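Residue numbers start from 1 in every chain, and the chains themselves are labelled A, B, ... in the order their sequence lines are given, proteins ahead of strands. Because the structure is a prediction, the values reported are computed rather than measured.
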There are 2 protein chains.
Amino acid sequence: MDAATSPVKRRDTSKKREAILNGAIQAFAEMGYDQASMDAIAEIAGVSKRTVYNHFRTKENLFQGVIAKFLEEQQALKRIEYDPARALEDQLTAFAHAEMYLINSPSRLGLSRVLTSVFIRDIDYARRITAQYASPHEPFMQWLAAAREDNKLAIDNPPLAAKVFYAMIEGAITWPALFQHGIDTEAAKPLLDELIATFIERYRKEE
Amino acid sequence: MDAATSPVKRRDTSKKREAILNGAIQAFAEMGYDQASMDAIAEIAGVSKRTVYNHFRTKENLFQGVIAKFLEEQQALKRIEYDPARALEDQLTAFAHAEMYLINSPSRLGLSRVLTSVFIRDIDYARRITAQYASPHEPFMQWLAAAREDNKLAIDNPPLAAKVFYAMIEGAITWPALFQHGIDTEAAKPLLDELIATFIERYRKEE
DNA sequence: TGTTATTTACACTGTACAGTATAATTAACG
DNA sequence: CGTTAATTATACTGTACAGTGTAAATAACA
């Protein structure tokens, strides 16, 4: 199958593949999984339906390609570096804002909804897929560990504290954004500040 | 249309209607909205398909009947009375446990997933439906107000505090339960305790 | 018991869509 | 250029399912 070892002449098909993937992303995001027919996807991608099937055996297969792209991006975008020179509030606020803008970005919002609706219809399937990616809370747990190391936070159980923080962010921002047309970032700021204040009050190291 | 005012003889059809509704609830919960065909629903309900259509004009219509039943029950089950004789921790813990057992109950878990998947596919539809019911946070806001009145909590902005609490419960319990096969209630207790401690540390009134 | 509203069985229509078949066309690579 | 892998247009198959039509059966009520 490898171009270098195969005796068969193979051409570069990555361009079409990209086009199909992008068309599928757009179609899924705008119409949802079921409504996005393979005909519609092919048309949006500017490609014949047969070509779609030449690249992806089934619709489900194509969807997995879309998911992979989406989740890999997500993973790359959820970084947080601990900075000992910066106030904890500042860093947490920046991080929470990043989460809010990420979920709010229109292109991702649509796909997040589709992912949610597909995953909740088949949670075992969801497990199988998401198991292939690192836990999205990992970078934050690293941050917490660094802050503790730096004697700024008193945390007995970092995974537990990470769950508390993510519960707040997801419960207050992520899920509401999905069920509305995104979040009004200005209106959400007082809530975000309150969450961060609550978190810090709990775990701040007493001097 | 009213039996008392109509000149047409009308019989009691509520039994069949109940049977259809219960069959639909079971079918939707077990198979999801799309997979639950009207034929399947009729069979589970022990009723002919034509009778289903005699009671509900369309599948969507039937689904609304199911939703109505579900959301009304939900509303009734989300009560919390403030008790000045009981510690805040106790009351919040009991409340949070009630939420956890409610989402965990197998019959409701399936329907909650279906509701989620339908609502997230059409958030404007979701708005129209849920707008007909009281905000699910209302009872808790009353509780907060009573606790403040009783000088136990220092809360400037009760709706904001309510959002903080519900964000924690939903982010930590409700959503995870939906995407797993429910929540392991024992394993969740430390997290629940931590959330409540965090909430109380933020809003407890200093003596 | 007779009337008739309601229910049933069953055949049917129309539509939407995943996936396939195939012959013709295009364009990348040597 | 010529070869041929990749792509295209188009027509097609099979299936699933919402919703309808109808005549016969059933059962609630007067």
Among C:dA18, D:dT7, D:dT20, the one nearest any side-chain atom of A:Ser48 is D:dT7
I need the NZ-C1' distance between B:Lys59 and C:dA16, as an integer number of Å.
14 Å
Can A:Asn54 and A:Lys49 be said to form a side chain to side chain donor-acceptor pair (under 3.5 Å), step by step?
CA-CA 9 Å; A:Asn54 284 345; A:Lys49 179 157 76 154; over 6 Å; no
Does A:Phe56 reach the side chain of A:Arg17, with side-chain heavy atoms less than 4.5 Å apart?
yes
Consider only side-chain N and O atoms of B:Trp143 and B:Gln91, and report whether a donor and an acceptor are under 3.5 Å apart.
yes
Whole Å only: how far is the CG atom of B:Asp39 from the P atom of C:dC12?
16 Å
Identify, between B:His55 and A:Tyr33, the residue whose nearest nucleotide on DNA chain C lies closer to the 5' end.
B:His55
So which nucleotide from C:dT8, D:dA9, D:dA18 ends up closest to the side chain of B:Asn54?
C:dT8
Test for a donor-acceptor pair under 3.5 Å between the base of C:dA21 and the side chain of A:Arg50, counting only N and O atoms.
yes
Rounded to whole Å, CZ of A:Phe56 lies from P of C:dA18 at a distance of 15 Å
Rounded to the nearest Å, what distance is computed from the NZ atom of residue B:Lys16 to the P atom of nucleotide C:dT6?
13 Å
Heavy atoms from C-beta onward define the side chain here; which of C:dT6, C:dG19, D:dT8 lies closest to that of A:Tyr53?
C:dG19
Side-chain N,O (A:Lys15) to OP1/OP2 (C:dA28) below 4.0 Å:
no
Atom CD of A:Glu43 and atom P of D:dT10 are separated, to the nearest Å, by 13 Å
Tell me if a side-chain donor or acceptor on A:Thr130 pairs with a main-chain N or O of A:Ala126 at a distance below 3.5 Å.
yes
What integer distance in Å separates B:Phe28:CZ from D:dC17:C1'?
13 Å
Categorize B:Thr51 for me: base, sugar-phosphate, or nothing, with a 4.0 angstrom heavy-atom threshold over every strand shown.
base
Between D:dA18, D:dT8, D:dA6, spot the one nearest the side chain of B:Lys49, thanks.
D:dA18
Side chains of B:Ile103 and B:Arg108, heavy atoms from C-beta outward: is any pair under 4.5 Å?
no
Spacing between B:Leu62 atom CG and D:dC17 atom P, to the nearest angstrom
16 Å
Expressed as a whole number of angstroms, how long is the span from A:Glu60:CD to C:dC17:C1'?
17 Å
